[in-house]
Amino acid sequence: METKRFEQLQETVYHKQLNNGLNIYVLPKEGFNKTFATFTTKYGAIDNQFKPFNQEEWLKVPDGIAHFLEHKMFEQPDGVDVFQTFGTQGAMANAFTSFTATAYLFSSTSNVEKNLETLVDFVQEPAFTDENVEKEKGIIGQEIRMYDDNPDWRLYFGLIENMYQNHPVKIDIAGTVESIAKITKEHLYECYRTFYHPSNMVLFVVGPVDPEAIITLIEKNQAGKGFTHKQAIERQYPEEPVSVAHKERSLPMPVKTPKCLVGYKEKTVHRQGDEMLRHELSVQLLLELLFGKGTENYKTLIDEGLIDDSFSFEYTEEYEFAFSAFGGNTEDPDRLAARLQAMVEEAKSQPIDEQTVERARKKRIGSFLKALNSPEFIATQFTRYQFNQMDLFSILSTLETLTLTELQTVLNEHFDHDCFTQFKVVAK
Amino acid sequence: MNTINEEIVELAGYRLHIVKTNKFKTVTMVLQFCAPLEESTVTKRALLAHLLKSSTKKSPTSQQLQHRLDDLYGASLASQVQKKGHYHVLSIQINTANEKFLSESSSLLTESLHLLAEAVLEPNVTEQGAFDEAVFQREKRALRQRLLAVYDDKMRYASERLIDEMCAGEPFALHTNGTLEALEALTPTDVYDYYLEMLKTNSVDLYIVGDVDSDVIQSELKTLLHFNQNEHRPIGRLQDVDKRVVEPKYIKESQDIEQGKLNLGYRTHVVVGDPLYPASQVFNGLFGGFPHSKLFMNVREKASLAYYAVSRNESFKGLMLVMSGIEFANYDQALDIIHEQFKAMQEGAFSDHEIDQTKALLINSTLEALDSPFSVIDLLYQQVLSNDALVLDEWFDDIHRVNREDIIKVAQQTQLDTVYFLQGKERA
């Protein structure tokens with residue numbers, strides 16, 4: 001077991017990699033009632049082409065399968081519903097699928113060890129049948145319909161579809177009613193065997209726990225399951241050009257207020273570790289400098305009646321893709337898009353102000369501290385950082401070392417005029 | 001750990017509640033203003049909440065105020081209005097990183113407390129006794145946007161429409177943020193006059209959660225915060241009409257959407273503080289509150305009709321609300337299942353095991369709430385609103401003591417009031 005102490009934050013992370021490759025992290029939170037645990041596989045919606053376990057041929061699977069698999073993991077061989085088991089043990093369970101990961105989780109204030117074993121056991125015990133796969137299509141179909149009616153979701157995916165020509169990041173995580181109709185239990189087993197090996201997974205536990213006891217418990221649990229060390233997973237992604245697929249599109253929906261989201265597709269991908277952390281933090285800091293609530297730009301847009309408090313910005317970076325996105329509700333989506341782009345161009349022509357950077361840095365430090373109140377944030381973010389060979393707790397020290405020159409470079413590179421795109425939801 | 005260490009002190013016209021704990025990386029301060037929910041004040045309060053947090057006399061523009069907050073390591077000053085049965089609660093809060101986690105020594109806590117007091121007592125008003133015109137127009141527009149946005153979020157829209165129909169003529173039918181009509185008519189003078197009235201008439205509570213020194217806080221507050229009276233005004237116990245249902249109403253409405261939103265409203269005739277209140281919580285949990293519930297298991301898992309099918313208690317009003325998203329064509333089938341499951345509850349068709357699971361999860365959710373400063377405040381303030389000094393261990397005992405007969409009693413006295421369905425439009 002290795003220990004990493006973050007003195008300033010007064011947090012300690014305990015880590016052990018088991019013989020089967022599973023990485024376990026434990027962060028004790030004294031004084032908390034709740035223990036929150038995530039069991040995450042580095043396998044998400046974009047991983048739709050791969051060499052299945054022990055096979056040589058590439059396989060392409062239907063869109064939405066990682067998410068479908070997430071739903072089906074809750075079926076047990078003995079027919080017992082895992083939710084019932086967790087309920088009996090006083091735990092709330094859930095799961096989610098992102099572009100790059102699938103996470104299973106629970107939170108509970110009692111029976112923590114039992115719940116942990118239940119979590120690990122159910123995810124390591126698939127029980128797919130033709131019948132239960134068919135049954136799920138109705139449920140997920142309604143999940144897809146729910147998002148179809150959500151204008152913010154349509155706006156977000158509309159923008160990503162604008163950016164990417166071939167990369168599967170542009171496909172909705174849940175797939176479509178048509179694509180999930182093609183999913184069979186055989187597909188699910190192929191995906192399961194390929195991506196749910198312990199060596200591709202991270203278990204993160206945060207709460208009032210004894211790290212040593214937790215690690216010993218899981219070690220014993222895993223030793224009995226006979227996982228052998230396994231080969232590396234081969235995934236394939238289509239070639240993605242630098243340019244965006246569409247400069248501009250819009251979608252009519254039954255809304256009263258139109259929406260506009262714009263963004264830049266990042267040209268350089270495949271960053272990892274410290275390089276990725278620096279880049280991600282730089283773009284995030286730049287977005288704050290460009291459009292934070294204290295900026296001249298934000299004030300102007302509010303005064304011009306182009307934005308309201310739904311306005312937000314974010315930057316997403318993963319190994320395979322990266323993009324910024326900003327916008328919100330607006331009475332004039334075309335004008336807002338034009339103003340946003342012009343403001344970015346204007347910023348590129350000027351030196352970055354040191355005092356403003358200091359203010360943005362402070363704000364970011366404070367917001368990180370606030371986020372550390374949340375066990376959910378710690379577990380999910382730590383895992384995402386780990387998958388990208390970054391360390392969540394080095395955010396503060398990295399922030400302090402970002403230089404103006406570095407920010408200036410990222411400003412000119414990421415916010416490239418040619419990689420700009422806009423998507424609008426307009427009233428039907 | 002099952003206790004909240006709350007210290008209550010009577011100060012000039014308000015009550016201070018300090019929860020000293022070193023669990024969090026932040027200090028959270030929330031000022032609550034409670035008044036009866038009334039048509040003549042609801043819109044003014046909604047607007048006032050946002051006027052107070054967006055500028056002050058010292059920082060007359062949002063930008064200036066934002067810079068001060070950013071310099072306090074991204075402290076966030078926020079406000080909201082909430083409906084709690086027949087009360088309307090206006091809250092204004094500041095959430096700040098705890099200075100002990102910062103390398104630079106500063107007095108974030110004191111400055112944040114000062115800023116909160118400043119927002120409430122030194123608003124941005126003119127000599128003539130009116131809110132600053134520019135800020136007023138801006139916040140008016142923002143509130144208009146928030147009111148319009150409800151229509152665009154179909155799940156929320158359906159929930160609001162159900163209450164409109166179900167509680168027509170009762171104060172509870174008033175929307176938290178008021179109405180567009182009332183908003184258009186408001187002037188900067190009206191709202192300032194109302195502000196003065198609010199300070200004079202509302203019951204005020206201040207919550208501070210974090211690693212703070214009570215003596216320091218109290219001595220600061222003595223000079224900082226006082227409302228023109230010496231005594232804290234207790235919240236009057238308002239007598240709401242407990243309406244009996246004669247015949248359930250069925251309402252259908254059409255919009256150009258993809259998924260039907262089926263919402264049902266029941267009257268439980270039980271509110272917070274009633275002897276049957278714990279049983280009503282168990283009843284809701286069994287019926288649709290958790291993933292092992294009747295609705296989840298039957299509407300979703302068995303019939304595959306929905307992704308979500310849940311119920312929740314509106315505890316201050318004595319309502320139980322059901323929400324589900326379904327295919328338009330499945331309206332009758334879904335409704336039949338919901339009715340059937342409700343009847344099963346009235347007949348006591350649930351096992352002791354299900355009761356135990358539900359109790360375990362209810363206790364778990366209360367314990368989990370203690371891990372977030374905002375939930376701690378909610379939990380404590382609920383006691384103030386219900387005039388019920390709830391001790392956690394007693395609450396847990398109450399839950400444990402709930403028996404099958406109590407649950408059946410709640411089920412049998414619960415009446416279906418309204419079924420609301422938001423459906424699609426015929427397409428050519």
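Excluded from the calculations below are hydrogen atoms, water molecules and symmetry mates; all remaining heavy atoms, backbone and side chain alike, are included. Every chain is numbered from 1, with letters handed out A, B, ... down the list of sequences. The structure presented is a predicted model; accordingly, all values stated were derived computationally and were not measured.
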Heavy-atom cut-off 4.5 Å, strictly under: side chain, backbone, both or neither for B:Leu305 against chain A?
backbone

Find the one option among A:Ile365, A:Asp152, A:Thr35, A:Ile140 whose heavy-atom pairs under 4.5 Å with chain B are most numerous.
A:Ile365

So what's closer than 4.5 Å to chain A heavy atoms on B:Asn22: side chain, backbone, both or neither?
neither

Between B:Asp71 and A:Lys362, is the closest basic N to carboxylate O distance under 4.0 Å?
no

Pick one of side chain, backbone, both or neither for A:Lys137, based on which atoms fall under 4.5 Å of a heavy atom in chain B.
neither

Is A:Ser310 close to chain B through its backbone or its side chain, or both, or neither, when contacts mean heavy atoms under 4.5 Å?
neither

Would you mind telling me which of B:Phe296, B:Phe24, B:Tyr151 has the largest number of heavy-atom pairs within less than 4.5 Å of chain A?
B:Tyr151

Please determine if A:Lys363 forms a cation-pi arrangement with B:Tyr73, meaning its NZ or CZ atom is less than 6.0 Å from the six-membered ring centre and no more than 45° off the ring axis.
no

Just checking, is any N or O donor in the side chain of A:Glu296 or B:Gln63 under 3.5 Å from an acceptor N or O on the other one?
yes

Is it the side chain or the backbone of A:Ala360 that comes within 4.5 Å of chain B heavy atoms, both, or neither?
neither

Chain B shares the most heavy-atom pairs under 4.5 Å, among A:Glu11, A:Arg361, A:Arg364, with A:Glu11

Please identify, among A:Ile139, A:Thr257, A:Thr295, A:Leu369, the residue contributing the most non-hydrogen atom pairs under 4.5 Å to chain B.
A:Ile139

Do A:Asn373 and B:Thr26 have a side chain donor and acceptor closer than 3.5 Å?
yes

Using non-hydrogen atoms and a 4.5 Å limit, figure out which bit of B:Gln259 sits close to chain A: side chain, backbone, both or neither.
both

Would you mind telling me which of B:Met155, B:Glu301, B:Lys154 has the largest number of heavy-atom pairs within less than 4.5 Å of chain A?
B:Glu301

Minimum heavy-atom separation for A:Glu136 and B:Arg300, please, with both atom names.
OE2-NH2, 4.1 Å

Just give me the residue among A:Ile302, A:Asp303, A:Asp81 that pairs up with chain B most often, heavy atom to heavy atom, under 4.5 Å.
A:Ile302

Measure B:Ala303 against the heavy atoms of chain A and call it side chain, backbone, both or neither at under 4.5 Å.
neither

Contact winner vs chain B - A:Thr88, A:Leu9, A:Asp308, heavy-atom pairs under 4.5 Å:
A:Thr88

List the steps and the verdict of salt bridge (charged side-chain N to carboxylate O under 4.0 Å, His left out) for B:Asp371 and A:Lys29.
CA-CA 10 Å; B:Asp371 292 345; A:Lys29 274 271 188 192; over 6 Å; no

Given the options B:Arg141, B:Lys261, B:Arg138, which has more heavy-atom pairs under 4.5 Å with chain A than any of the others?
B:Arg141

Heavy-atom proximity to chain A below 4.5 Å, by part of B:Ser76
both

Is it the side chain or the backbone of A:Lys299 that comes within 4.5 Å of chain B heavy atoms, both, or neither?
side chain

Less than 4.5 Å to any heavy atom of chain B: does that hold for the side chain of A:Ile307, its backbone, both, or neither?
backbone

Please lay out, stage by stage, how B:Tyr307 and A:His71 fare under the test side chain to side chain contact (heavy atoms under 4.5 Å, CB included).
CA-CA 11 Å; B:Tyr307 170 63; A:His71 272 237; 3.9 Å; yes

